[in-house]
Amino acid sequence: DGGITQSPKYLFRKEGQNVTLSCEQNLNHDAMYWYRQDPGQGLRLIYYSQIVNDFQKGDIAEGYSVSREKKESFPLTVTSAQKNPTAFYLCASSIGGGLAKNIQYFGAGTRLSVL
Amino acid sequence: DQQVKQNSPSLSVQEGRISILNCDYTNSMFDYFLWYKKYPAEGPTFLISISSIKDKNEDGRFTVFLNKSAKHLSLHIVPSQPGDSAVYFCAASTMEYGNKLVFGAGTILRVKS
């Protein structure tokens, strides 16, 4: 049963705390992405990775960090530097490889709230 | 600068009728367009896509139309069903941006039975 698994579904962060959101895929996709969704807004790209051990900043990378040590895993850390972390976070993956038809497939999301 | 715009925040349609969701873009380099459907507290699900070399793509009840000269695309759902009630996002990509997707803000579709 192939897909993208995000955990946890709900996460609470205390002031000054770093938290890590997990994203795992078993689709054998090269590319992975992290988005943030705020109410009434579209998805905004935080970080993306086209290949293992490489990643690039998206449009709103400040206050976030990622790693891509394994093809199937792309964890996102929300650091204390992110002053407004409350949002719905979505992980996605795609075949990648510079293909023009870049269909991204999404996980179920993690809702992060600040205590 | 919003490169992909969905100007209608919401749309209400009667069951069995046609739903038309619209999307405009500003970057003429976009060459691939996608529609996603999203239920609350879930991830978006890919619906249908279209390449800039085409002006229409159909998949069952869903048809996407692309008007490159107007930089406009639309998603038609016929007939609309209550289960179609969701948020619909259009997205665009170009090789210039490494095929990253640029999303619109979404349109909430409500299909009334």
Side-chain angles (χ1 to χ4, degrees), chain A residues 3-10 21 23 25 27 29-51 54-61 87-113, chain B residues 1-10 21-27 29-54 57 59 64 66 86-108:
Chain A
I4 301 171
T5 302
Q6 289 188 241
S7 62
K9 194 168 179 64
Y10 300 96
L21 285 63
C23 179
Q25 55 99 358
L27 299 168
H29 284 170
D30 284 318
M32 296 187 74
Y33 311 81
W34 273 105
Y35 293 90
R36 168 181 172 139
Q37 186 190 15
D38 293 282
Q41 295 193 35
L43 281 64
R44 292 185 292 167
L45 183 64
I46 304 172
Y47 267 99
Y48 66 104
S49 168
Q50 305 272 30
I51 198 168
D54 188 38
F55 50 82
Q56 285 80 40
K57 293 181 179 179
D59 300 318
I60 54 166
F88 191 52
Y89 290 86
L90 288 158
C91 177
S93 71
S94 68
I95 292 174
L99 294 176
K101 296 182 180 180
N102 186 29
I103 298 173
Q104 293 182 19
Y105 298 91
F106 286 82
T110 293
R111 182 162 298 281
L112 175 62
S113 302
Chain B
D1 178 31
Q2 252 189 317
Q3 298 189 67
V4 178
K5 298 180 183 179
Q6 294 177 255
N7 292 318
S8 297
S10 64
L21 297 106
N22 294 304
C23 181
D24 296 294
Y25 60 96
T26 56
N27 189 340
M29 296 301 294
F30 286 140
D31 54 15
Y32 192 61
F33 304 89
L34 307 88
W35 284 95
Y36 284 85
K37 172 182 179 180
K38 183 181 180 301
Y39 293 117
E42 293 185 12
T45 302
F46 169 71
L47 265 180
I48 191 169
S49 62
I50 187 167
S51 168
S52 60
I53 61 174
K54 295 186 174 181
N57 189 26
D59 184 2
V64 56
L66 176 62
V87 180
Y88 289 78
F89 291 99
C90 72
S93 70
T94 170
M95 293 280 285
E96 295 290 317
Y97 290 164
N99 289 325
K100 292 179 291 181
L101 293 183
V102 180
F103 284 85
T107 296
I108 300 170

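Order of the sequence lines fixes the chain letters, A, B, ..., with proteins taken first and strands second; residue numbering starts at 1 for each chain.
Using a 4.5 Å cut-off between heavy atoms, A:Q104 touches chain B through backbone and side chain atoms alike. For a residue to count as touching a neighbouring chain, one of its non-hydrogen atoms must lie under 4.5 Å from one of that chain's; by this rule B:Y39 does not touch chain A. Only the side chain of A:L90 has a heavy atom closer than 4.5 Å to any heavy atom of chain B. Heavy atoms of B:L34 lying under 4.5 Å from chain A belong exclusively to its side chain. With a 4.5 Å cut-off on non-hydrogen atoms, A:L43 touches chain B through its backbone and its side chain both.
Residue A:L27 places its CG atom among more than 12 non-hydrogen atoms of other residues, nucleotides or ligands, all under 6.0 Å distant.
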Kindly indicate, with the supporting measurements, whether the criterion side-chain contact (heavy atoms from CB on, under 4.5 Å) is fulfilled by A:Y33 and B:L101. CA-CA 10 Å; A:Y33 311 81; B:L101 293 183; over 6 Å; no
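Of all heavy-atom pairs between B:E42 and A:F88, the closest is O-CE2, 3.6 Å.
Within the model, atoms OH of B:Y36 and CD1 of A:I103 stand 6.5 Å from one another, a figure rounded to the nearest 0.5 Å. To the nearest 0.5 Å, atoms CZ (B:F103) and OH (A:Y35) are separated by 4.5 Å.
Considering only heavy-atom pairs separated by less than 4.5 Å from chain B, the leading option among A:Q6, A:Q37, A:R44 is A:Q37.
Scanning for ring pair (Phe, Tyr, Trp, His ring centres under 6.0 Å) contacts around B:Y25 gives B:F33, with sequence neighbours left out.
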